[in-house]
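Reviewing the structure listed below.
Below, chain A is the first sequence line, B the second, and so on; all start at residue 1.
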Protein chains: 2
Amino acid sequence: MQRTIHGRPYEQTEAGPKFRPCAPHDVLARLGDKWTILVVSHLAIAEGHRLRFSELKRGIEGITQRMLTLTLRNLERDGLLTRHCFAEVPPRVEYELTEMGDSLLPALAGFTAWIRDNWPRLEACRRAFDEAQRQDS
Amino acid sequence: MQRTIHGRPYEQTEAGPKFRPCAPHDVLARLGDKWTILVVSHLAIAEGHRLRFSELKRGIEGITQRMLTLTLRNLERDGLLTRHCFAEVPPRVEYELTEMGDSLLPALAGFTAWIRDNWPRLEACRRAFDEAQRQDS
DNA sequence: CCGGATCCCAGTCGATACTG
DNA sequence: CAGTATCGACTGGGATCCGG
């Protein structure tokens with residue numbers, strides 16, 4: 001039997017509930033990596049949703065050339081980003097959010113609000129837990 | 001100057017936009033790990049938002065004892081879960097979503113909808129990209 | 001039944017150096 | 001300017017065995 005929870009489909013089997021492989025996990029795993037969200041955010045607030053490599057690199061503190069390259073490649077692979085390459089000297093490459101990439105951040109708005117509301121409590125819980133942990137040891 | 005994009009706060013500095021450390025990244029990184037979402041989902045559809053260790057283990061295909069233990073510990077640390085330990089023989093431990101943990105999934109509803117709508121296109125983009133990649137090589 | 005302890009691998013990320 | 005190549009540290013996660 002096919003049901004849904006919080007917009008998420010799953011099947012009720014005899015052995016128990018089974019979630020579909022379409023799981024948010026793949027997307028979350030990408031978004032959860034170290035730089036992706038920052039890159040998308042910077043592009044989202046840029047005019048034309050478009051920035052060149054060096055602008056992104058300057059804007060994101062601590063990112064290395066290598067990681068920026070990899071992050072951009074992955075976003076391009078998922079169709080969230082397009083690469084505009086100009087054969088000039090010196091070379092210039094611009095990255096632009098696709099329509100799909102542009103719709104990603106707004107879709108996260110509800111979650112962002114949740115984080116804003118719960119972050120302090122969550123951090124407090126962590127500290128309390130770690131504190132209790134150190135007592136035992 | 002303090003601004004906001006898609007509910008996400010950032011500062012506009014001379015050097016460019018700077019996002020606050022409160023970034024969703026910490027939470028996303030946890031949610032993006034291999035099992036967290038599945039555990040939370042199973043608890044969310046359980047009656048009383050409550051399941052015991054072995055029920056979770058049976059319900060989540062492929063998870064090992066070790067990973068289930070770690071995932072539950074992390075959720076407990078963040079205050080999304082409480083552990084109810086019964087000193088019986090054989091021992092019994094139940095895990096229950098806290099109010100905060102319970103509010104997490106609904107907060108993700110918008111994002112879940114986005115995934116449902118865009119997943120096919122995203123997968124198609126991946127395949128196309130990988131295909132083009134093999135041509136070049 | 002619940003989970004801690006140990007070993008190991010594969011993937012992620014940083015640092016550095018080099019190229020068109 | 002915008003990458004690629006290489007090396008090494010660290011870590012998430014699986015397999016297995018052990019203990020209360």
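- When rounded to the nearest whole Å, the span between CD1 of B:Ile60 and P of D:dG13 equals 13 Å.
- By the 4.0 Å N-to-carboxylate-O rule, A:Lys18 lies close enough to B:Glu61 to be salt-bridged with it.
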Which protein N or O atoms sit under 3.5 Å from an N or O of nucleotides 1-4 of chain D?
unit_1 : atom_1 : unit_2  : atom_2 : d
D:dC1  : O3'    : A:Arg52 : NH2    : 3.0
D:dC1  : O3'    : A:Pro91 : O      : 3.4
D:dA2  : OP1    : A:Arg52 : NE     : 3.0
D:dA2  : OP1    : A:Arg52 : NH2    : 2.9
D:dA2  : OP2    : A:Ser54 : N      : 2.9
D:dA2  : OP2    : A:Ser54 : OG     : 2.6
D:dG3  : OP1    : A:Arg83 : NH1    : 2.5
D:dG3  : OP2    : A:Tyr95 : OH     : 2.5
D:dG3  : N7     : A:Gln65 : OE1    : 2.6
D:dG3  : N7     : A:Gln65 : NE2    : 3.4
D:dG3  : O6     : A:Gln65 : OE1    : 2.8

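- The closest side-chain heavy-atom distance from A:Val93 to A:Tyr95 is below 4.5 Å.
- Distance B:Trp35 CH2 to D:dG13 P: 9 Å, rounded to the nearest Å.
- With B:Thr4 contributing its side chain and B:Gly7 its backbone, the two residues share no donor-acceptor pair below 3.5 Å.
- The shortest distance between side-chain heavy atoms of B:Arg73 and B:Arg83 falls below 4.5 Å.
- Distance, B:Arg30 CZ to D:dG12 C1': 11 Å, rounded to whole Å.
- Distance, B:Leu70 CG to D:dA15 P: 14 Å, rounded to whole Å.
- By the 6.0 Å contact criterion, CD on B:Glu99 is open, its count of non-hydrogen atoms from other residues, nucleotides or ligands being 12 or less.
- Using cut-offs of 30° and 60° for the angle between ring planes, the B:Phe19 and A:His42 rings count as perpendicular.
- For the pair A:Asp33 CG and D:dG12 P, the computed distance is 14 Å after rounding to whole Å.
- Using a 4.5 Å cut-off on side-chain heavy atoms (C-beta onward), A:Leu105 and A:Ser41 make contact.
- Ring pair A:Phe111/B:Phe111: centre-to-centre distance not below 6.0 Å.
- Between A:Glu94 and A:Arg92, at least one side-chain N (NZ, or NE/NH1/NH2) sits under 4.0 Å from a carboxylate O, which counts as a salt bridge.
- Contacts of residues 37-50 of chain B with DNA chain C (heavy atom under 4.0 Å): none.
- Residue contacts for A:Lys57: at a heavy-atom cut-off of 4.0 Å it reaches no nucleic acid atom on any strand shown.
- Nucleotide D:dA15 holds its C1' atom 13 Å from the CE atom of B:Met67, rounded to whole Å.
- Heavy-atom nearest nucleotides on DNA chain C were determined for B:Cys85 and for A:Thr64, and the one closer to the 5' end corresponds to B:Cys85.
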